[in-house]
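Report on one structure; see the data block that follows.
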Amino acid sequence: MESAPVILVALLHGPDRPGLVAKTSGWIFENGGNILHADQHRDTELGVFFQRIEWSAQSSAPAADSTRFQLFAETLGMNARVATSSQRRRIALFVSKFDHCFHDLILRWKAGEYACDIAAIVSNHTDLASAAKGYGLPFHHIPVTADTKAASEARQLDLLRSLDAELVILARYMQVLSADFLQKFGRPVINIHHSFLPAFAGGRPYHQAHERGVKLIGATAHYATAVLDDGPIIQQDVARVTHRHDVNDLVRKGRDLEKMVLAQAVRWHLENRVLAYGNKTVVFD
Ligand SMILES: Nc1nc2c(c(=O)[nH]1)N[C@@H](CN(C=O)c1ccc(C(=O)N[C@@H](CCC(=O)O)C(=O)O)cc1)CN2
């Protein structure tokens, strides 16, 4: 089959030792690749080495090349994840009633900011059904109550499997996904929390912040784990507030933060710039 130019991106981590950079770059050179970007970090406390390498190659079988690099990385004791520019990931947006992150992500996607396909909009309410239809995106209403949660999550999982969704984005989705859901989905879930975590985790963070009288509010994008608002943080940002701001002001200022922080976290994830390690991340931006 005719070789075509393809971009491969590898994210590696493993026990640090001398020569890792030389060996990974050497393999790419010996296999006809040209390194476009390379970045690395050494966690001194853990003795762990992290690396992101982006290279171009003439390849008739990018998937096979990815596998060959992963196998080579294993010989170095490194865990490697490789993505190719020929892959467009299928994502699902989970939403409830708040629409600011929903519209922001879709407009950025329509503007070409994300190399992915939005396979579904999933919601426990119908508030955003017409907006999704307006964007020409499939909308799936799956109501969730305390009594129906297990059955609702089973429907969500069936849908995600049928779409082969590779990423779920919780764009102000207001239901807590169970540990069982996350284990069965087995792929990344990115959530936007409307506070500067670890402050004000849980519900009504802007009311908590106003009650506490903070001078900074924030937003946090993180990978969701079974523990609410506890997963590896990808991106955060803050804004100054004063005694003159009431809760509605905090909510308004917070909307802008939430949109920007989630948009950036999704971009970094889709560009294979985020390595989750333990309960933290290394972000090669
Ligand atoms: N497994 C996870 N699921 C979700 C997370 C997460 O971190 N891990 N984050 C939430 C989003 N979120 C905060 O960022 C959040 C959402 C909902 C609640 C909450 O108290 N929900 C109530 C129901 C509220 C309603 O129905 O409107 C509840 O579950 O009882 C707190 C924080 C998304 N999922």
Side-chain angles (χ1 to χ4, degrees), residues 91-108 121-125 127-128 131 142-146 149 152-153 156 167-179 181-182 185 188-269 274 276 278-281 283:
I91 72 172
L93 297 188
F94 278 42
V95 297
S96 289
K97 295 186 176 195
F98 298 111
D99 63 355
H100 52 288
C101 292
F102 162 81
H103 286 294
D104 183 76
L105 285 175
I106 293 172
L107 292 173
R108 288 174 187 275
I121 309 296
V122 177
S123 183
N124 59 323
H125 297 292
D127 298 56
L128 299 180
I142 302 178
V144 182
T145 67
K149 187 166 182 172
S152 300
E153 289 193 346
Q156 291 166 343
L167 172 68
V168 164
I169 300 172
L170 306 179
R172 288 301 303 272
Y173 180 68
M174 298 309 288
Q175 289 294 317
V176 179
L177 300 174
S178 69
F181 176 99
L182 293 170
F185 179 54
V189 175
I190 294 176
N191 178 56
I192 184 67
H193 181 72
H194 38 313
S195 85
F196 188 54
L197 289 173
F200 312 129
R204 298 166 68 80
Y206 293 121
H207 289 77
Q208 293 183 60
H210 186 260
E211 181 60 28
R212 181 67 185 80
V214 296
K215 302 305 180 188
L216 285 172
I217 59 165
T220 303
H222 63 96
Y223 290 114
T225 61
V227 180
L228 186 58
D229 303 326
D230 183 57
I233 292 170
I234 306 168
Q235 176 64 319
Q236 295 183 289
D237 202 354
V238 296
R240 288 195 177 284
V241 296
T242 74
H243 58 280
R244 292 190 183 84
H245 292 119
D246 62 18
V247 172
N248 292 333
D249 295 324
L250 270 55
V251 170
R252 173 179 50 75
K253 292 172 78 70
R255 272 197 294 270
D256 294 334
L257 286 173
E258 292 163 38
K259 289 187 285 184
M260 295 296 289
V261 167
L262 182 58
Q264 182 69 75
V266 169
R267 185 178 301 108
W268 283 335
H269 178 86
V274 186
N279 200 36
K280 296 195 280 188
T281 65
V283 178

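For the numbers below, each heavy atom of this structure counts, side chains included, while hydrogens, waters and symmetry mates do not.
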> So, for I192 and V261, which heavy atoms are closest and what is the spacing to 0.1 Å?
Replying inline: CD1-CG1, 3.8 Å
> With a 4.5 Å heavy-atom cut-off, do C101 and V95 have their side chains touching?
Replying inline: no
>> Rounded at 0.5 Å granularity, tell me how far CZ in F185 sits from CD in E153.
In response: 12.5 Å
>> Does K280, at its NZ atom, have more than 12 non-hydrogen atoms belonging to other residues, nucleotides or ligands within less than 6.0 Å?
In response: no
> Got a second to check how far F102's CZ is from L107's CG, nearest 0.5 Å?
Replying inline: 9.0 Å
>> Measuring only between side-chain heavy atoms, which start at C-beta, is Q156 closer than 4.5 Å to L177?
In response: yes
>> Treating N124 as the side-chain partner and M174 as the backbone partner, does any N or O pair qualify as donor plus acceptor under 3.5 Å?
In response: no
> How close do L257 and G218 get, heavy atom to heavy atom, and via which atoms?
Replying inline: CD1-CA, 3.8 Å
> What distance separates R108 CZ from Q264 CD, expressed to the nearest 0.5 Å?
Replying inline: 8.5 Å
> Would you say R212 and F200 make side-chain contact, with heavy atoms under 4.5 Å?
Replying inline: yes
> So do W268 and I234 actually touch side chain to side chain, heavy atoms under 4.5 Å?
Replying inline: yes
>> Does R252, at its CZ atom, have more than 12 non-hydrogen atoms belonging to other residues, nucleotides or ligands within less than 6.0 Å?
In response: yes
> Taking C-beta and beyond as the side chain, do V168 and Y173 meet within less than 4.5 Å on heavy atoms?
Replying inline: no
> Between Q175 and S123, is there a donor-acceptor pair closer than 3.5 Å when you use the side chain of the first and the backbone of the second?
Replying inline: no
>> Quick check for you: to the nearest 0.5 Å, what is the distance between D104 atom CG and M260 atom CE?
In response: 8.0 Å
> Applying side-chain hydrogen bond (donor to acceptor under 3.5 Å, both in side chains), which residue pairs with at least one partner in residues 234-243 are found, sequence neighbours left out?
Replying inline: T220-Q236
>> Less than 4.5 Å apart, side chain to side chain, heavy atoms only: is that true for F196 and V214?
In response: no
> When you check the side-chain N and O atoms of H193 and S195, is any donor under 3.5 Å from an acceptor?
Replying inline: yes
>> Would the distance check show the side chain of D249 and the main-chain N or O of D246 forming a donor-acceptor pair, the cut-off being under 3.5 Å?
In response: yes
> Just by distance, do the side chain of S152 and the backbone of P143 share a donor-acceptor pair under 3.5 Å?
Replying inline: yes
> Roughly how far, to the nearest 0.5 Å, is the CD1 atom of I169 from the CG atom of L93?
Replying inline: 5.0 Å
> Where is the tightest heavy-atom contact between L128 and D99, given as atom of each residue plus distance?
Replying inline: CD2-CB, 3.5 Å
> Closest approach of I190 and A265, non-hydrogen atoms and distance?
Replying inline: CD1-O, 4.4 Å
>> Could you measure the distance from the CG atom of L105 to the NE2 atom of H100? Nearest 0.5 Å is fine.
In response: 10.0 Å
> So Y206 and H194, would you call those rings parallel, tilted or perpendicular, with 30° and 60° as cut-offs?
Replying inline: tilted
>> I need the minimum non-hydrogen distance between D127 and S96, along with the two atoms involved.
In response: CB-O, 4.5 Å
>> On a heavy-atom basis, which atom in H222 and which in L197 lie closest, and how many Å separate them?
In response: CD2-CD1, 4.1 Å
> Which of these, V247, N248, V251, sits in a side chain to side chain contact (heavy atoms under 4.5 Å, CB included) with H210?
Replying inline: V247
>> So, using ring-ring contact (aromatic ring centres under 6.0 Å, His included) as the criterion, who are the partners of H103 when residues are at least two apart?
In response: Y135
